[in-house]
Number of protein chains: 2
Amino acid sequence: MFRIDPQADEPLFAQLVSQVRLGVVQGRLAPGERLPAARELAEALDVNVHTVLRAYQELRDEGLVDLRRGRGAVVMAPAAVDLTSLRAAVDRVAAEARALALPPETVLTLVKEALR
Amino acid sequence: MFRIDPQADEPLFAQLVSQVRLGVVQGRLAPGERLPAARELAEALDVNVHTVLRAYQELRDEGLVDLRRGRGAVVMAPAAVDLTSLRAAVDRVAAEARALALPPETVLTLVKEALR
DNA sequence: TGTTTGTTCTAGTTTCCCTAGAACAACTAG
DNA sequence: CTAGTTGTTCTAGGGAAACTAGAACAAACA
């Protein structure tokens, strides 16, 4: 369900957060849907329970999931945004960057600056 | 010349790398131009010399600067790329994201995914 | 009532970042 | 050729963050 790369320089919990964030915003994770139990997902990813729980808590802080004991982590309803035009813009950035053979870090720096 | 925020969650050396990267790609740092000496910049930013040198070495690894003892860090000639269309695309992404009130992390996740 | 699931606590290891000082080698300037 | 500048390399240590581990606990569920 989720993929984790122990070799990546991004922290494990952050990778998980990104994946869920992506799933929600892409509609792969529907509102009301329940994420795997922390202990279960931890074993599947070969990671400690606390690492998964830290990711879940971060997602709760961002308002993406509802986190309650006994119930688990449930995907919250995002404000029904239409992402088609944003996705088109993102794809165009990726295409331009690829055409210029720019390293990903440079592009990300540009985007980060534009979002500031 | 450069700004560093000790409170930011991004490492100091990474902040410096980003700023130089941005300067080069934006044309504020011209090819052949020399960056400040490490010890000098370190004192100006109130940071250790090794921190600045780590940033410089990373920039060398990315091919952005030429680093030699006695000579300093000289900005390499980028492959004369035209960034106008990319900048336009980036600005559009930022505008769309702002309109949707999406958190920056989500947008960056989307871009990172698109660049993969 | 028993199970599931998140919450909280302590604790230890590892890794990364940053600082600090020193000696050294390549290059520049005079 | 000499002296100063600048990056390179080395050792060293402090501090924070990430990850792991185990345990007890509380809320919700079946």
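In what follows, chains carry the letters A, B, and so on, assigned in the order in which the sequence lines appear, proteins first and then strands, with residues in each chain numbered from 1. Owing to the predicted nature of the structure, the values given are computational and were not obtained by experimental measurement.
- Between the CZ atom of A:Arg39 and the P atom of D:dA23 there is a distance of 13 Å, rounded to whole Å.
- What separates CG of B:Leu12 from C1' of C:dC17 is a distance of 8 Å, to the nearest Å.
- Between the CD atom of A:Glu58 and the C1' atom of D:dA18 there is a distance of 13 Å, rounded to whole Å.
- Distance, B:Arg34 CZ to D:dT6 C1': 7 Å, rounded to whole Å.
- Within the structure, every side-chain polar atom (N or O) of B:Gln57 is placed at least 4.0 Å from both OP1 and OP2 of D:dG7.
- Contact annotation: A:Thr51 side-chain N/O to D:dA18 OP1/OP2 distance is not under 4.0 Å.
- OP1 and OP2 of D:dT8 both lie 4.0 Å or more from every side-chain N or O belonging to B:Arg69.
- Computed from coordinates, the A:His50 NE2 to D:dG22 C1' distance equals 8 Å when rounded to whole Å.
- In this structure, A:Arg71 atom CZ and D:dA26 atom P are separated by 19 Å, rounded to whole Å.
- The CG atom of B:Leu53 sits 14 Å away from the C1' atom of C:dC24 (whole-angstrom rounding).
- Between A:Glu58 and A:Arg54, no side-chain nitrogen of the basic residue sits less than 4.0 Å from a carboxylate oxygen of the acidic one, so the salt-bridge criterion is not met.
- To the nearest angstrom, P of C:dC18 lies 6 Å from CZ of B:Phe13.
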